[in-house]
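Worksheet: one structure, shown below.
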Amino acid sequence: MPLSESFKERLYPLLPELQNHFGSPFHIYDEAGIKKTGNDLNKAFSGVRNFREYYAVKALPNPAILKIMTEVGFGFDCSSITELILSRQIGAGPEDLMFTSNNTSPEEFAVAAAEGGCILNLDDINLIDKVPHMPETICFRYNPGSERKGNHIIGTPLEAKYGVAKDQIVDAYAKAHSRGAKRFGLHTMLASNELDYTYMVATAEMLLEIAEQIQNELSITFDFINIGGGLGIPYRPDEEPLNLEAMGNKIAARFREFERKNGYMPDLSMESGRYITGPHGALVVSAINRKDIYRTYIGVDACMSALMRPALYGAYHHIEVLGKTGSDALETVDVVGSLCENNDKFAIQRELPTIEDGDLLIIHDTGAHGHSMGFNYNGKLRPQELILRENGSVELIRRAETNDDYFSTLDFEPKVLRAPATE
Ligand SMILES: *Cc1c(COP(=O)(O)O)cnc(C)c1O
């Protein structure tokens, strides 16, 4: 199921008034739903000694949302300077921050180390020498190469730019240890939008095996194992949700097995983004034009600057028309934005109730990798973000971009390198 029935029941009756009050388009997020999913995730892993989710900030980098993560006990997974700044601004301390970067720059290392630092997750063995001060706790991202299959969003591990290779991983920990690291974590991120929970169980198993191997060779122990993000959500109505409970139970069982063999249990962490907020967001747009040529096009007042996933991955986002259902007259249409790219479509050849100008369309599951992935190509601006609070009020949590925002980078001090003087 895409958007939950509970969110729909609370959201849909409000939509005409939201349209009057805030204007369309907007993304709107469900505080109650996000909290519930957060608590469900914590509960699913109650079988391990200590579980913590570090929310993948890139999925929905809005301070109002990040505060909810704090309320359910989550930390933050950051992979850029601005994500670190944003998380620190809402009060995240060194233990609440995981920095999982790729192709890391000196500036990124400097910001990661500032303000008491964070849990550094290194992406390559060569980066050990580039870390300005080796922190006490260090983690490496592991890339298992041919041993695991990825999926189409993230690619196969052999072709992925991420992580430390299998034949480097022991050396990486040995080197970090000799540089002064005292506590160790092991991380991987192999899947994206994976609905089969057994994939995550296999990932936990793989990491525990590697940890055991490193531990035996180097006489170090592991503080934590991080199985990454990538839990899937059902974007299509006929997809089954991931079995969270089974995943939690199976992974906890593997951790207890590790404890029996090794005399201790590492903490378990995870860095899901999509699973936490994806189904608790919707992009609400108005139909503004109808065009009947070789196909019928429904033009709406947002474009791919608000939601890139369909154009980028061919992703399916379920769409409903407010006040109209499957028992109304149906027609097959493309739902399109105004950008000068033919892939600027929210739906392609989708059967929907007949849409007229002014109808509100609800595009489901935009709570992760939605607004945050937007861009300004073609001078298109990103829409506002709203939140439906638990008490039923609706709050603006990011204004829409303006033309002034777009032109702001053209306001700068002149700077020229003169052409070399010629004879
Ligand atoms: C994008 C990303 C995530 C979150 O992925 P989801 O599919 O949203 O769970 C987690 N960790 C890393 C390193 C990422 O790059």
Side-chain angles (χ1 to χ4, degrees), residues 29 34 37-38 40-41 44-45 52-62 65-66 69 74-84 86-87 96-104 108 112 118-124 127 139-144 148 150-155 157 160-164 185-197 199-200 203-204 207 224-235 239 241-242 244 247 268-281 307-309 312-313 315-317 365-374:
Y29 311 116
I34 294 170
T37 297
D40 287 351
L41 188 73
F45 287 109
R52 194 165 195 206
E53 149 81 5
Y54 295 81
Y55 179 68
V57 173
K58 75 168 189 276
L60 183 42
N62 188 298
I65 300 297
L66 299 190
M69 301 307 158
F74 292 178
F76 301 103
D77 189 74
C78 302
S79 42
S80 66
I81 289 173
T82 44
E83 288 175 2
L84 282 168
L86 181 60
S87 305
D96 306 318
L97 291 171
M98 182 106 186
F99 189 59
T100 304
S101 55
N102 171 257
N103 183 24
T104 315
E108 286 172 327
C118 58
I119 305 165
L120 202 55
N121 189 11
L122 289 182
D123 189 58
D124 185 35
L127 290 175
C139 183
F140 287 97
R141 179 174 186 161
Y142 175 59
N143 180 331
R148 294 294 298 283
N151 63 18
H152 84 281
I153 293 185
I154 203 160
K161 64 174 182 163
Y162 309 107
V164 179
L186 175 62
H187 165 273
T188 200
M189 164 90 191
L190 298 177
S192 185
N193 196 27
E194 181 60 62
L195 283 166
D196 177 3
Y197 79 89
Y199 189 92
M200 298 308 288
T203 295
L207 289 178
F224 67 89
I225 301 289
N226 184 326
I227 58 176
L231 300 189
I233 58 167
Y235 285 97
E239 283 172 330
L242 179 131
L244 195 61
M247 180 181 74
L268 169 65
S269 49
M270 171 171 254
E271 49 185 35
S272 275
R274 184 190 326 271
Y275 191 79
I276 311 298
T277 53
H280 307 303
L307 182 67
M308 291 284 292
R309 298 189 70 259
L312 204 55
Y313 309 121
Y316 178 95
H317 281 263
D365 305 312
T366 68
H369 315 297
H371 186 283
S372 60
M373 211 185 255

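One-based numbering, in listed order, for ligands and for the atoms of each.
The pair Arg52-Asp96 meets the salt-bridge criterion, with a side-chain N (NZ, NE, NH1 or NH2) lying under 4.0 Å from an Asp/Glu carboxylate O.
Closer than 4.0 angstrom to ligand 1 sit non-hydrogen atoms from Ala56, Lys58, Asp77, Thr100, Arg141, Met189, Ser192, Gly229, Gly230, Glu271, Ser272, Gly273, Arg274, His369.
Remark: Ser272 engages no residue in a side-chain hydrogen bond (donor to acceptor under 3.5 Å, both in side chains) (not counting sequence neighbours).
For the residue pair His280 / Thr37, a side-chain donor-acceptor distance below 3.5 Å is found, with atom types taken as modelled. Looking at Asn103 and Lys161, their side chains never bring a donor and an acceptor atom within 3.5 Å of each other.
Across every non-hydrogen atom of Ala56 and Glu53, the tightest pair is N-OE2, 4.4 Å.
Between the side chain of Ser372 and the backbone N or O of Ala59, at least one donor-acceptor pair lies under 3.5 Å.
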